[in-house]
Trainee: 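Sharing a structure, written as structure tokens. Questions coming.
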Amino acid sequence: MPELKRTALYDLHCELGAKMVPFAGYEMPVQYPLGVLKEHLHCRARAGLFDVGHMGQVTIRAKSGAPAQAALALETLVPVSIAGLAEGRQRYAMFTADDGGILDDLMVARRCDDLFLVVNAACKADDIAHLRAHLSDICEIEEITDRGLLALQGPEAERVLQTLAPGAAAMRFMDVAVLDSDFGPLWVSRSGYTGEDGFEISVTNDRAADLARALLTDEAVEPIGLGARDSLRLEAGLCLYGNDIDTGTTPVEAGLQWAIQKVRRDGGDRAGGFPGADRILGELEKGPDRLRVGLRPEGRAPMRAGTPLYASETGGAPVGTVTSGGFGPSVGGPVAMGYVPVDLAGNGRTLWGELRGKRLAVTVCALPFVKQGYKR
Amino acid sequence: MKFTEEHEWLRVEDDLVIVGITEHAAEQLGDIVFVELPEAGTTVSKDDEVVVIESVKAASDILAPLDGEIIEVNEALPDNPGQVNDDPLGEAWFFKMKIEDMAALDEFMDESAYKKFIG
């Protein structure tokens, strides 16, 4: 196994008593002494600090210097309107494959003279190769390796960040800005992966630990590990690449059609022109065969990824599978997501998940499981 | 009190053996969110999976430490699984079982041996 990489916050994690685990090629904190359950609840009640420095940060700049050219170039790889993205704004996107599957999901920010992308750690090498293979004639693709990435999430995130980076409070959901601070210029977006209000903050590696320590001096802020990051995003109904979306699922099956703006759909000015457009636009028109849905198992038993789903309590073949599931600390019970045929995907529908040879009822329900705290 | 290599504790009370998991096990498992107990009256063999517990991270099985019969289970636990973390050696016992041969308990570790075992 290749040696595990470390983020700029590795020493701080150890000092804080984190339990470190291998994740996407990095040694990352899965939990701190507070424990997953309390970390989760703390983040929803106050504020949580996450190290997401393992994720990929990439800039795309048009060789001509014209930002619109970089935007149009990226549109050849994603079904999202990038040319329509205003400066200082960010959008959720996904790299699609020729068959309509998803290669990765990502955030794209339009800055004054480039595009700034944040991609999943496990996919970043492939994503960068993909970008270079398709866009290098027109664009410079640069992986940003000298910056770490922190996420500050929760209802008190705004107050805490504002004290260190004035200007944070003036941002709204999905805004991006460069904010001055004692830790150098911070590349800040008002977004995250918890369903709460919050920020993602790119900071140079040499200042990342100082910034993290400064944020942690506020009594509202606790460090949060990957364990609670997963339960927070699950309750928020957000997809985990590799579980809920992958090369075998399309954006429409995944219920991500909200990310495909009208201008990229049939009849739009820049319709299609991305990998898998035939399948994806066809599914938008006619509807997909299956859909990602929220699932509330009855009782207390968590239904984890891989649990087969059945249309009836006995007999029959599985109709779908749980792709993410576990205990939702804020919900106070098990929550899950999975794919089921469209005719079984209506809210309120009862399905059965098989655990340890027993079929337990689950109810199809709307996502997210918790109210979003975004400041729009 | 005796300890198994599966991180269970066994305590004799009258003619029954009470079974739970150790503090070390509870800590390793993380926050427990689900407990499924067997029915009282179930006859079990050593190493049968008798209890399912799930933490925020994963599911684990608790094995029967010896052959015997489950006499009583801790009915309060499934409604309050977090007690396994809060009081693993006390309130959060799983079940009481009757075993044929109390001498069989001698094969298990005592507290100092268990402490060495977990390092």
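In the text below, chain A, chain B and the rest are named by the order of the sequence lines, each starting its count at 1. These numbers come from the heavy atoms of this one structure, side chains and all, not from hydrogens, waters or symmetry mates. These numbers were taken from a predicted model, which means no experiment stands behind them.
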Trainee: For A:Asp244 and A:Thr323, test the side chains for any donor-to-acceptor distance below 3.5 angstrom and give the result as yes or no.
Mentor: yes
Trainee: Is A:Arg304 close to chain B through its backbone or its side chain, or both, or neither, when contacts mean heavy atoms under 4.5 Å?
Mentor: side chain
Trainee: What residues of residues 66-101 of chain B sit under 4.5 Å from chain A when you count only heavy atoms?
Mentor: B:Pro78, B:Asp79, B:Pro81
Trainee: Is the B:His24 ring parallel, tilted or perpendicular to the B:His7 ring (thresholds 30°, 60°)?
Mentor: tilted
Trainee: Below 4.5 Å from any heavy atom of chain A, which atoms of B:Ala59 appear? Answer side chain, backbone, both or neither.
Mentor: both
Trainee: So A:Arg292 and A:Thr249, side chain to side chain donor-acceptor pair (under 3.5 Å) or not? Walk me through it.
Mentor: CA-CA 9 Å; A:Arg292 179 176 63 98; A:Thr249 61; over 6 Å; no
Trainee: Is B:Glu49 close to chain A through its backbone or its side chain, or both, or neither, when contacts mean heavy atoms under 4.5 Å?
Mentor: neither
Trainee: Against chain B, work out which of A:Gly35, A:Gly227, A:Ala301 has the most heavy-atom pairs shorter than 4.5 Å and name it.
Mentor: A:Ala301
Trainee: Show the numbers, then the answer: is there a side-chain contact (heavy atoms from CB on, under 4.5 Å) between A:Met55 and A:Asn120?
Mentor: CA-CA 5 Å; A:Met55 296 184 79; A:Asn120 281 303; 3.9 Å; yes
Trainee: Among A:Ser231, A:Gly326, A:Pro302, who wins on heavy-atom pairs under 4.5 Å with chain B?
Mentor: A:Pro302
Trainee: For the side chain of B:Asp14 and the backbone of B:Leu16, is there at least one donor-acceptor N/O pair under 3.5 Å apart?
Mentor: no
Trainee: Report which part of B:Val52 has an atom under 4.5 Å of a heavy atom belonging to chain A: side chain, backbone, both, or neither.
Mentor: side chain
Trainee: Under 30°, 30 to 60°, or over 60°: which ring-plane class applies to A:His13 and A:Tyr32, parallel, tilted or perpendicular?
Mentor: tilted
Trainee: Strictly distance-based, threshold 3.5 Å: is any side-chain N or O of B:Asp31 a donor or acceptor partner for the main-chain N or O of A:Leu37?
Mentor: yes
Trainee: If you draw a 6.0 Å radius around CD in A:Gln372, do more than 12 non-hydrogen atoms from other residues or ligands fall strictly inside?
Mentor: yes
Trainee: Are any of the side-chain heavy atoms of B:Glu8 and B:Thr22 separated by less than 4.5 Å?
Mentor: no
